[in-house]
Amino acid sequence: MLEKIDHLGVAVKSIEQALEFYRDTLGIEPTGIEEVPSQKVRVAFLPVGDSNIELLESTTDDGPIARHIEKRGEGIAHLAFRVNDIESAMADLKEKGVRLLSDTPLPGAHGAKIVFIHPKAANGILIELCERND
Ligand code: ZN
């Protein structure tokens, strides 16, 4: 079901400020910055080998990333696994009694289809499943 760790989502107050470390110090060039309205965020993808760091900056005061920063500060927000068929992965998890945060896949960055698994199922980690074609 899972193909690889697609990315690690990092909640930041400002993508521009975070790039001073990730791009200027570590030397990871972002592949682009885009807005993801379904999650009320702007995201920057920074490829590292076969995976990515996803910097997440909230576009509103009440979005999931704004709430994450309010409660826990900046830091790791979620772990994302790449799947080849998100609908069948969701059906499989539902059958196993795993709680998902939405009933249908949501549009993610880079044309992905995404869904989140409730952190209670995964020892406190918010897990994202994402299906995309690049
Ligand atoms: Zn993500």
Side-chain angles (χ1 to χ4, degrees):
M1 177 165 91
L2 308 179
E3 300 190 322
K4 63 172 187 173
I5 292 179
D6 186 84
H7 63 270
L8 198 60
V10 179
V12 300
K13 288 179 186 163
S14 156
I15 284 175
E16 276 63 38
Q17 186 275 331
L19 285 175
E20 289 173 19
F21 175 70
Y22 288 96
R23 180 189 58 211
D24 303 344
T25 305
L26 295 183
I28 318 170
E29 230 12 86
T31 53
I33 297 179
E34 74 178 279
E35 196 164 330
V36 181
S38 76
Q39 300 301 308
K40 299 179 176 175
V41 287
R42 286 170 72 220
V43 307
F45 267 78
L46 297 111
V48 181
D50 200 26
S51 193
N52 298 273
I53 302 285
E54 178 189 51
L55 300 177
L56 301 145
E57 175 191 306
S58 191
T59 51
T60 65
D61 289 338
D62 62 347
I65 291 302
R67 285 199 304 270
H68 176 100
I69 289 175
E70 201 178 291
K71 277 194 217 151
R72 277 164 286 191
E74 295 180 298
I76 292 175
H78 62 260
L79 169 65
F81 292 113
R82 177 84 65 101
V83 295
N84 55 18
D85 180 347
I86 199 165
E87 277 87 2
S88 88
M90 290 173 71
D92 181 57
L93 289 167
K94 275 185 203 164
E95 201 178 289
K96 291 171 177 163
V98 175
R99 198 168 136 206
L100 304 174
L101 297 195
S102 63
D103 288 329
T104 52
L106 304 171
H110 295 323
K113 292 196 274 185
I114 66 171
V115 69
F116 289 96
I117 297 172
H118 195 283
K120 278 212 168 96
N123 305 76
I125 299 208
L126 178 62
I127 289 182
E128 172 189 333
L129 302 180
C130 72
E131 175 192 328
R132 60 188 168 96
N133 297 320
D134 58 1

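Read the numbers this way: they start at 1 and go in the same order the structure lists the ligands and their atoms.
Residues His7 and His78 form a side-chain contact, since some pair of their non-hydrogen atoms from C-beta on lies under 4.5 Å apart. Side-chain atoms of Leu101 and Leu126, non-hydrogen and from C-beta on, do get closer than 4.5 Å to each other. With contacts defined as side-chain heavy-atom distances shorter than 4.5 Å, the pair Ile65/Gln39 does not qualify.
Annotation: side chain to side chain donor-acceptor pair (under 3.5 Å) contacts involving residues 102-111, sequence neighbours excluded, comprise Glu34-His110.
Every side chain to side chain contact (heavy atoms under 4.5 Å, CB included) that Arg23 has, sequence neighbours left out, goes to Leu19, Glu29, Pro30. For the side chain to side chain contact (heavy atoms under 4.5 Å, CB included) test, residues two or more places apart in sequence or in another chain that qualify with Ala44 are Ile15, Ile33, Leu55.
Annotation: protein N, O or S atoms under 2.8 Å of the Zn ion (ligand 1) (waters excluded) comprise His7 NE2, Glu54 OE1, His78 NE2, Glu128 OE1.
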